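Below, all heavy atoms of this structure are taken into account, side chains as well, without hydrogens, waters or symmetry copies. Just so it is clear, the model here is predicted, and its values are computed rather than measured. Throughout, protein chains are lettered first and strands after them, A, B, ... in sequence-line order, and every chain is numbered starting at 1.
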There are 2 protein chains.
Amino acid sequence: MQTSPAQAPATVEAFRARLAEISGGLPKRLRQCAEHIAANTDRIAVSTVAELAAGADVPPSALMRFCQLMGFSGFSEMQKLFREAYSPGWPDYATRLENLRKGQSGGPAALLAEFIEAGRASLEMLARTTDEAALSKAVSLLGAAGTLHVAGFRRAFPVASYLTYVLDKMSVPAMLHDGVGKLDHRHALRPGDALIAITFAPYSEETLAIAADARARGLSVVALTDHLTSPLAAHASAVITVPEVDFGAFRSLSATIALALALAVAVGTARSDR
Amino acid sequence: MQTSPAQAPATVEAFRARLAEISGGLPKRLRQCAEHIAANTDRIAVSTVAELAAGADVPPSALMRFCQLMGFSGFSEMQKLFREAYSPGWPDYATRLENLRKGQSGGPAALLAEFIEAGRASLEMLARTTDEAALSKAVSLLGAAGTLHVAGFRRAFPVASYLTYVLDKMSVPAMLHDGVGKLDHRHALRPGDALIAITFAPYSEETLAIAADARARGLSVVALTDHLTSPLAAHASAVITVPEVDFGAFRSLSATIALALALAVAVGTARSDR
DNA sequence: GCGGAAATGGAATAATTATTCCAAACAAGG
DNA sequence: CCTTGTTTGGAATAATTATTCCATTTCCGC
């Protein structure tokens, strides 16, 4: 361990700085402490050594060592810092958003506030409008298929890649059609496979083409799109729609990502049972 | 003393109600307690009996009696209420997901509900914890740079690709380092450019390597990561952290996506003004 | 003022929580 | 494979903090 100064941080900022400073090249247990503390700084004021240690999954003594490494004489001294800095509950979500918004309109923080709000609204709308039957149908189609093909370009590409990533993590054979090198991988679509096609207005030609092709070959096609009237719906065996609120010209992806995650996990679970 | 029910309040509201209920016709010392507690409710979570008693100018035993009058078995039980209420909604997200996993309660729709909830919680946490200064710094660094390089693999790849997409839409020259063909595009990093590196635990080696390389070449590096203790932080000129509800391999990306969008739009705007 | 009931303060004890210490496990280098 | 230095877990101890108890005081109606 290379660290030295052993001067106890006197403010929360100094604390964070010191944390960043020491967190290179820490042994396993101490690193676990550092990470858990970094992620739960706000809980220090109201927790005991044992609680925090349990959260970090280390014995209490390791956490003690960590406190000393940070420059404090022990946990109590460290906790004192946070108990004093403790401001009456945090500003709640609404207040904080308000503050972010107010800060020099147009600044990054104000923008962020808008996008957070848009994302939250999208998620709520998704919760209200999900068609459970369509979702179940999609899961059963995908659960029964061979390889899963995922197609999505432009704005839908992050969703497609995420979906593929999670499917892969769950040991589901999945192939991302990413259009690299203008290869369309058309012949990878084999009988018994299924396609998940993702596109939103303005609908991408490539995605529609792949969907039409898959359909023609008799594959199941699951559509992830914005409306039931989407041109993609015509080619699909199951259509899942995702409402997404936009702010200005920009459309958040929060709801779509959440849906993709749920879909992937549900399919992964279904397939591991079969 | 006229009081009776002796049912411990289970919420902060119930606590306040009970406080109002008993505070008529209290003897001197107990009234002092009630008043001090009413005025300093928020400090209960982080104080000892002795401290609060001193604040109310009564002996500890008086405060003890007050707690019992409120319906608690003692001070500790009362404090527990406030310590738990402090980080709202958090206590046991992981456990809920765990239950969901083994209890298969309701299939895909229930799963979706959980991920929506996780996404919403992540967004709220993001609103509460954003470091505005770091965000502004990142925007100004990126606004002043030449080409922007974006690096993120695995779980971070969807974010990287989305960021690149939005930057491109805003006419900002941006290059996604996607690792296709194992090319590392090292020489594309030219003086005056900047790098946006994205990685979460377990941190991807490739991303760290690119960041270190960019740093060595004198480029500005903006890190998008999970904690300040992330190894990525060591290479970065600005570190933006995103809290995200994380359960095993399943990380809701809602907050990260929202942040990426805000960052891209802010940078795009800044650059169009210059 | 007197008797009884309620309230009070503080000292004694119990419980919890922090902290230290050391033997064992481990890793790196010869 | 052994040696040396570091890291680790847990049991032992120290310190703090909560809680109880009771002798003393205060209050109030008579």
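- Nearest to the side chain of A:R29, among C:dA18, D:dT8, C:dG9, sits D:dT8.
- For the pair A:E77 CD and D:dT16 P, the interatomic distance rounds to 13 Å; values are reported in whole Å.
- Considering only residues two or more places apart in sequence or on other chains, B:F153 meets the ring-ring contact (aromatic ring centres under 6.0 Å, His included) condition with none of them.
- Of the listed nucleotides (C:dA18, C:dT20, D:dT20), D:dT20 has the atom at the smallest distance from the side chain of B:Q68.
- One can place CD of B:Q32 at 14 Å from P of C:dA7, the figure rounded to the nearest angstrom.
- A donor-acceptor pair shorter than 3.5 Å can be found between the side chains of B:R215 and B:S237.
- Rounded to an integer number of Å, the gap from B:F72 CZ to D:dA18 P is 15 Å.
- Between A:F66 and A:F75, the ring centre distance reaches or exceeds 6.0 Å.
- Checked for salt-bridge contact, A:R16 and A:E13 miss the test: no charged N lies under 4.0 Å from a carboxylate O.
- Contacts between residues 55-67 of chain A and DNA chain C, defined by a heavy-atom separation under 4.0 Å, are made by A:S61, A:M64.
- For B:T48, whose side chain is taken as the heavy atoms from C-beta onward, the closest listed nucleotide among D:dT17, D:dT19, C:dT8 is D:dT17.
- Rounded to whole angstrom, the span from the CD1 atom of B:I22 across to the P atom of C:dA7 amounts to 13 Å.
- For the residue pair A:R65 / A:Q68, no side-chain donor-acceptor distance below 3.5 Å is found, with atom types taken as modelled.
- With respect to B:K80 and B:E77, no salt bridge is recorded, no charged nitrogen being found less than 4.0 Å from a carboxylate O.
- Atom CE in B:M70 sits about 18 Å away from atom C1' in D:dA18, given to the nearest Å.
- The phosphate of D:dT17 has neither OP1 nor OP2 within less than 4.0 Å of any side-chain N or O from B:Q79.
- Ranked by how close their nearest DNA chain C nucleotide is to the 5' end, B:K28 and A:E51 are led by B:K28.
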